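Per chain, numbering begins at 1; letters A, B, ... match sequence-line order. Since the structure is predicted, the reported quantities are computational estimates derived from the model, not experimental observations.
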Number of protein chains: 2
Amino acid sequence: MEPLDEFDLKILGILQRDNLTSQRDIAERVSLSAAAVHRRIQRLHSLGVIARDVAVVAPEKVGRLITLVVEVVVESERLEALSELKRVFAAAPEVQQCYYVTGEPDFILIVTTRDMAEYEALTQRLFFGQSNVKRFRTCVVMDRVKATLDVPLQPAG
Amino acid sequence: MEPLDEFDLKILGILQRDNLTSQRDIAERVSLSAAAVHRRIQRLHSLGVIARDVAVVAPEKVGRLITLVVEVVVESERLEALSELKRVFAAAPEVQQCYYVTGEPDFILIVTTRDMAEYEALTQRLFFGQSNVKRFRTCVVMDRVKATLDVPLQPAG
DNA sequence: GTTGAAAATAAACATGG
DNA sequence: CCATGTTTATTTTCAAC
């Protein structure tokens, strides 16, 4: 894959902030024709640089008032046992994010629920119900200071 | 704010997955006219239910190979001291997410960098350089099993 | 919910680096 | 030959009814 040039990075920066910006507007801001911008966006899609285009829903506006960070320690690190856990975690809609990490915990999850009762029910399914979960620790989020998937876009060093 | 009905939730579900879906397509899938869908989307925007519309960039495709989860313990929980830290964390482009939480750590951060050298430089700025950071613990992400901001959309209970 | 105008996206073509 | 810009066609958005 040929590297991205300054134009690509500028376009990405704009789309990452607001992907409903018209190609004409983008064109003006990066000093290209709208057609060139269009082609570059298509290429960024086909290369997988743009993975998805999504509307970000405000959780609290749809009744998901609680965010939690959960650290999970597993029983076995056998590959199949881990894969199974990953599958279960990823399949749960309440789990926004799931990271398999080095260090003290094995997994770190970001979870949203309506309330604590729903979270307790979730722990039954995801943790107590999984034989490979040795223990878990929950942190309740008091302030979502920043919650994006934005990526810093500097010219490739 | 009047509650969202089933149509709104269906529309949100579609846009949350792919916000470039045409209103005509959405209309067909939810059994409404395109205009009705259009008006509902406008309303969802104005209500702030749809907070942003963004392109999700694949970090590894733009050279951000490392993801880290950092737990931070602060020195002082004074309001101004906390606000200052939040400001610093939120302002850093490498910090995708920042949560202020109850429990052992005070903050949990999701961070992306090009490499470990860049992360070390970042720790200088964000942690060692902040007098209110008592200590921090880093977990290196080996597998980004799931990384979305998707919200479960069930009819309000 | 239907219709029509305005705007955006997407394709076709021609050209300069 | 690849990437750009111009033009044309198609699709989508958006407002009026």
Side-chain angles (χ1 to χ4, degrees), chain A residues 1-58 61-62 148-157, chain B residues 1-58 60-64 148-151 153 155-156:
Chain A
M1 159 178 151
E2 324 102 70
L4 309 178
D5 64 16
E6 308 280 339
F7 286 119
D8 291 318
L9 294 179
K10 277 188 189 171
I11 292 169
L12 279 178
I14 292 169
L15 292 180
Q16 174 168 257
R17 186 182 277 276
D18 176 8
N19 80 331
L20 299 185
T21 312
S22 76
Q23 296 171 358
R24 199 181 125 278
D25 271 18
I26 299 172
E28 201 161 317
R29 287 163 63 179
V30 303
S31 307
L32 274 178
S33 72
V37 169
H38 176 244
R39 280 186 293 258
R40 280 168 182 270
I41 292 176
Q42 277 192 324
R43 175 166 166 267
L44 291 169
H45 272 114
S46 70
L47 289 175
V49 177
I50 298 176
R52 319 170 56 199
D53 287 275
V54 303
V56 178
V57 174
K61 293 291 175 77
V62 290
T148 74
L149 296 179
D150 295 6
V151 161
L153 294 168
Q154 301 139 7
Chain B
M1 160 178 150
E2 323 103 69
L4 309 178
D5 65 16
E6 309 279 339
F7 286 117
D8 291 318
L9 295 178
K10 276 189 188 172
I11 292 169
L12 278 178
I14 292 168
L15 292 180
Q16 171 167 261
R17 185 181 279 277
D18 176 7
N19 78 334
L20 299 185
T21 311
S22 77
Q23 296 170 358
R24 194 182 130 281
D25 272 19
I26 298 173
E28 200 161 317
R29 286 163 63 179
V30 304
S31 306
L32 275 178
S33 71
V37 170
H38 176 244
R39 281 187 289 258
R40 280 168 184 270
I41 292 176
Q42 276 191 326
R43 175 166 167 269
L44 291 169
H45 272 115
S46 71
L47 289 175
V49 177
I50 297 176
R52 319 171 56 199
D53 287 274
V54 302
V56 179
V57 174
E60 72 278 8
K61 293 292 175 75
V62 290
R64 316 233 48 114
T148 74
L149 296 178
D150 295 7
V151 162
L153 295 168

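Close approach of DNA chain C to chain B, defined as any atom under 4.0 Å from a non-hydrogen atom of the protein, starts and stops at dG1(C) to dT2(C).
In this structure, Ala36(A) reaches the sugar-phosphate backbone alone: every heavy-atom distance under 4.0 Å involves primed, P, OP1 or OP2 atoms, never a base.
The CG-C1' distance, from Asp5(A) to dC2(D), rounds to 13 Å in whole Å. The separation between His38(A) atom NE2 and dT11(D) atom P is 13 Å, rounded to whole Å. Between the P atom of dA3(D) and the CZ atom of Arg43(A) lies a distance of 7 Å, rounded to the nearest Å. Taking atom CZ of Arg40(A) as the reference point, atom C1' of dG5(D) lies 13 Å away to the nearest angstrom. Taking atom CZ of Phe7(A) as the reference point, atom P of dA3(D) lies 13 Å away to the nearest angstrom. Distance, Gln23(A) CD to dG5(D) C1': 14 Å, rounded to whole Å.
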Residue pair Ile41(B), Ile26(B): steps toward the side-chain contact (heavy atoms from CB on, under 4.5 Å) verdict: CA-CA 11 Å; Ile41(B) 292 176; Ile26(B) 298 173; 4.3 Å; yes
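The existence of a salt bridge linking Asp53(B) and Arg17(A) is excluded, since no basic side-chain nitrogen approaches an acidic carboxylate oxygen closer than 4.0 Å. For Lys10(A) and Asp5(A), the salt-bridge test fails: no basic side-chain N is under 4.0 Å from an acidic carboxylate O.
Heavy-atom contacts from other residues, nucleotides or ligands closer than 6.0 Å to CZ of Arg43(A) number more than 12.
Each of Arg39(A) and Arg39(B) lies near DNA chain D, and the nucleotide nearest Arg39(A) is the one positioned closer to the 5' end. Residues Arg24(A) and Gln42(A) each lie close to DNA chain C; by heavy-atom proximity, the contact nearer the 5' end of the strand is made by Arg24(A).
Looking at every heavy atom in both residues, Val151(B) comes nearest to Val57(A) through CG2-O, 3.9 Å. A pairwise comparison of heavy atoms in Lys61(A) and Leu47(B) identifies NZ-O, 2.8 Å as the closest pair.
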